[in-house]
Amino acid sequence: MPSTKALKNAQYIELGGYQYWPVLVPRGIRLYTYEQVPGFLRENPYITDGYRAYLTSRLCIKSLFILSNETVNIWSHLLGFLLFFLLGLYDMIAVLPVIGATREDYVIYSIGLFCYQVCMLCSVGYHLFCCHRSEKTSRRWMALDYAGISIGTLGCYVPGIFYAFYCNNYWRQVYLVMVLAMTLGLFFAQIHPHYLTKQWQKLRSVIFCSVAAYGLVPTLHWIWLSGGFGSAVVQVFAPRVLVMYLFAAAAFVFYLSKVPERYFPGQLNYVGSSHQVWHILVVLMFYWWHQSALFITSFRHTNPCPDYPQHA
Ligand SMILES: [Zn+2]
């Protein structure tokens, strides 16, 4: 039972379909239905209840500890951030020294993990502060969430290109520069005042898909340079790239289609909606790609480049 003091500063509210789960909510926070929230929060009509709205920054932070339709979104990426932070420490101390990592490997790992952590934190920020009473503030956090996704994508590209073209410095530099230019281009696109509007939703999806699909260019080039599908290195790593793309495609299908809540409107307000699945798939995808990078690093250290007996 909560203490008397906590009761004084709080109220019990009913959570729509979860009316048998009365939840203690700090004073000043209440949950709204889809019809009651301001237009900029109406992104998904199949999520009918459990919205936080009209909150100050302080109450947004307090709402971290209540059950709303953003709770799983916030905590999935907060725990994702912790995962990549601890994974970074563990790798630096226990894994990389064992596989004989060079200074370059440490730098590449740090860039990858740092990008994943930034992506997770930007997402936490958006889902925590999207219910701010100022639409401008909410939109700013949304822009940051989008920027975080492009940084997360960069975090996938950098180790991928670095190890795929480990034995070909020229193409490694070409692709790294192209990916950096693409990420910068994306930032500038996001500054455009129309970028985050509903009218540009389709264009945003097309741009996002193009940025992800662009990875097929260096992948196919890498397969060709490595001697085709028959070569040992391709047979070991191409399936890993394929699984990565399957994660990305599945995540994006959930994100766009609003399945499963589309078929159960109002029943998946708190747990089980498409955005939550997208969040979890993104964490799994980053984790998979990180483990794949570790795998290819140890492969590269045990199988020197064919043209250069020792990698310079
Ligand atoms: Zn999200």
Side-chain angles (χ1 to χ4, degrees), residues 31 34 37-38 40-53 55 60-61 63-85 115-132 135 137-156 186-187 189-190 195-198 200-205 207-209 211-212 247-262 268-289:
L31 300 179
Y34 181 77
V37 294
F40 65 91
L41 286 178
R42 291 190 203 172
E43 300 255 308
N44 187 345
Y46 309 111
I47 303 291
T48 57
D49 207 347
Y51 288 88
R52 299 156 308 149
L55 298 184
C60 285
I61 294 169
S63 73
L64 185 62
F65 302 104
I66 68 159
L67 181 65
S68 74
N69 59 19
E70 293 284 10
T71 306
V72 176
N73 289 333
I74 297 167
W75 281 94
S76 55
H77 277 180
L78 198 55
L79 293 175
F81 165 76
L82 272 178
L83 170 76
F84 293 116
F85 179 75
C115 289
Y116 301 156
Q117 288 170 47
V118 169
C119 177
M120 295 287 111
L121 282 185
C122 289
S123 170
V124 170
Y126 168 63
H127 288 287
L128 197 56
F129 292 103
C130 63
C131 57
H132 198 276
E135 179 174 356
T137 305
S138 176
R139 291 274 172 215
R140 276 195 188 135
W141 281 103
M142 191 188 203
L144 204 65
D145 189 21
Y146 274 92
I149 294 170
S150 37
I151 291 171
T153 316
L154 184 70
C156 293
L186 210 58
F187 273 119
Q190 282 165 351
Y195 191 80
L196 292 175
T197 57
K198 274 190 181 152
W200 279 38
Q201 200 168 22
K202 270 219 175 87
L203 185 72
R204 281 204 306 268
S205 303
I207 291 175
F208 184 74
C209 279
V211 168
F247 269 126
F252 206 57
V253 164
F254 276 103
Y255 181 88
L256 279 187
S257 66
K258 297 186 169 68
V259 170
E261 69 270 21
R262 169 183 293 276
L268 304 173
N269 291 343
Y270 297 93
V271 180
S273 66
S274 60
H275 202 88
Q276 298 168 357
V277 179
W278 144 266
H279 269 213
I280 289 160
L281 284 174
V282 167
V283 174
L284 289 176
M285 183 178 77
F286 286 164
Y287 181 76
W288 170 259
W289 199 234

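None of the values given here were measured: they were computed from a predicted structure. Numbering of ligands and ligand atoms starts at 1, following listing order.
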Requested in this report: Check each of His132, His279, His77 against His127 using the ring-ring contact (aromatic ring centres under 6.0 Å, His included) test, and report the only one that passes.
Outcome: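 Between His127 and the candidates, ring-ring contact (aromatic ring centres under 6.0 Å, His included) is satisfied uniquely by His279.
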
Query raised in the report: Under 2.8 Å from the Zn ion (ligand 1), how many protein N/O/S atoms can be counted?
Result: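 Near the Zn ion (ligand 1), the number of protein N, O or S atoms below 2.8 Å is 3.
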
Report task. Give, for atom CG of Leu128 and atom CD1 of Ile74, the distance between the pair rounded to the nearest 0.5 Å. Result ->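 Rounded to the nearest 0.5 Å, the CG-CD1 separation comes to 4.5 Å.
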
Requested in this report: With sequence neighbours excluded, tell me which residues meet salt bridge (charged side-chain N to carboxylate O under 4.0 Å, His left out) with Glu135.
Outcome: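 So Glu135 forms a salt bridge (charged side-chain N to carboxylate O under 4.0 Å, His left out) with Arg139.
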
Query raised in the report: Looking at Arg262, Lys258, Glu261, which one forms a side chain to side chain donor-acceptor pair (under 3.5 Å) with Ser274?
Result: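 Only one option passes, and that is Glu261.
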
Query raised in the report: Once the angle between the rings of Tyr255 and His275 is folded into 0 to 90°, is it parallel (under 30°), tilted (30 to 60°) or perpendicular (over 60°)?
Result: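 Ring orientation of Tyr255 relative to His275: tilted.
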
Query raised in the report: So do the side chains of Phe81 and Tyr116 get within less than 4.5 Å of each other, counting heavy atoms only?
Result: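 SC-SC contact between Phe81 and Tyr116 ruled out.
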
